[in-house]
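All ligand and atom numbering here is 1-based and tracks the order in the structure. The residues of the chain are indexed from 1 along the displayed sequence.
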Amino acid sequence: MSAQPGLFIAFEGGDGAGKSTQVRLLADAVVLAGREVVITRQPGGTPLGQSLRELVLHGDHMSARAEALLFAADKADHVEQVIRPALRVGSVVITDRYVDSSVAYQGAGRDLGADEVQRLQTWAVDGLLPDLTVIVDISADEGRRRRGEVHDRMESEGDDFHEAIRSHFLAMAAAEPERYLVVDGTASVEEIAEQIADRVRELGIDL
Ligand code: TYD
């Protein structure tokens, strides 16, 4: 738990899963419930993060370790500048991707080892865990179909890379069901939103 007055919710999943739509719908519902909401995304939630995002997603080839460190730097800045201050004043913070993206993409996808990347990320965010992580689950094949022709450095990787990431997200959720909700990304937008709202209600937000 975030051990602060706010509530911290992360959305994770493969490229093209439809996370961003669900982030927006949840944020609207939480605002209607009378809570202050901060929506953010990684990488790129701060000015430094924007520069790191450009480098890591649209730059040239780089070593897997350099990639992991750039994502970690983005998170360190983001947590200190945006997330912790918002949680401190009682806001509900909803982030589009967080630590688990790095564990899955750099750890499982790039073969750096999930445990090692988890340690690096935990250090970067100084131990801050979400109260709830929603995994919007989608197959590599369906994700590729939905993304169409737009390709950044991660998206242009093959289906094997994206399937390894998907399996890792599901394994993390299975290991700690009290901290995760897995929703089927092929269900309707409304159905997914309702499942998420049900779970967020259990965290004490009167949606
Ligand atoms: P983005 O354009 O934000 O797409 P999406 O809508 O899929 O979230 O792309 C972020 C990309 O960066 C995505 O492919 C996942 C990847 N990523 C990592 O590899 N490691 C990380 O720590 C984070 C936060 C993202």
- Query: Side-chain heavy atoms under 4.5 angstrom apart, residues restricted to Ile, Leu, Val, Met, Phe, Trp, Tyr: same cluster for M172 and I138?
  - Reply: no
- Please confirm whether E155 comes under 4.0 Å of ligand 1, counting heavy atoms of the residue only. no
- Query: Where the side chain of R35 meets the backbone of I205, is there a donor-acceptor pair that is under 3.5 Å apart?
  - Reply: no
- Below 4.0 angstrom, N of the basic side chain to O of the carboxylate: do E142 and R146 qualify? yes
- Could you tell me which atoms of ligand 1, counted from 1 in the order shown, lie closer than 4.0 angstrom to a heavy atom of Q106? 18 (C), 19 (O), 20 (N), 21 (C), 22 (O)
- Task: Could you check T46, T40, T95 and say which one makes a side chain to side chain donor-acceptor pair (under 3.5 Å) with H78?
- Result: T40
- Task: Could you find the nearest protein heavy atom to atom 18 (C) of ligand 1 and give me its residue, atom name and distance?
- Result: F71 CZ, 3.2 Å
- ligand 1 to K19, heavy atom cutoff 4.0 Å, flagged ligand atoms 5 (P), 6 (O), 7 (O), 8 (O)
- Query: Does at least one non-hydrogen atom of Q121 fall below 4.0 angstrom from an atom of ligand 1?
  - Reply: no
- Return the residue, atom name and 0.1 Å-rounded distance of the protein heavy atom closest to atom 2 (O) of ligand 1. R53 NH2, 2.7 Å
- Taking non-hydrogen atoms only, is L57 closer than 4.0 angstrom to ligand 1 via side chain, backbone, both or neither? side chain
- Aromatic ring centroids of Y98 and F8 under 6.0 Å? yes
- Which atoms of ligand 1 sit under 4.0 Å from any heavy atom of S102? 20 (N), 21 (C), 22 (O)
- Item | ligand 1 contact by R153, heavy-atom criterion under 4.0 angstrom | no
- Donor-acceptor contact present, side-chain D137 to main-chain R166, <3.5 Å: no
- Check: R97 N/O within less than 3.5 Å of ligand 1 N/O: yes
- On a heavy-atom basis, the closest approach of G6 and D131 is O-OD2, 4.4 Å
- Task: State if E67 counts as touching ligand 1 under the rule of any non-hydrogen atom under 4.0 Å.
- Result: no
- Message: Under a 4.0 angstrom heavy-atom cut-off, which atoms of ligand 1 come close to Q42?
- Response: 24 (C)
- Item | Donor-acceptor pair, side chain of R201 and main chain of L207, under 3.5 angstrom | yes
- Those atoms of ligand 1 less than 4.0 Å from some heavy atom in D15: 7 (O), 13 (C), 14 (O)
- With a cut-off of 4.0 Å, which atoms of ligand 1 are near a heavy atom of K75? 21 (C), 22 (O), 24 (C)
- Task: Could you tell me whether D159 and R144 make a salt bridge, using a distance below 4.0 angstrom between a side-chain N and a carboxylate O?
- Result: yes
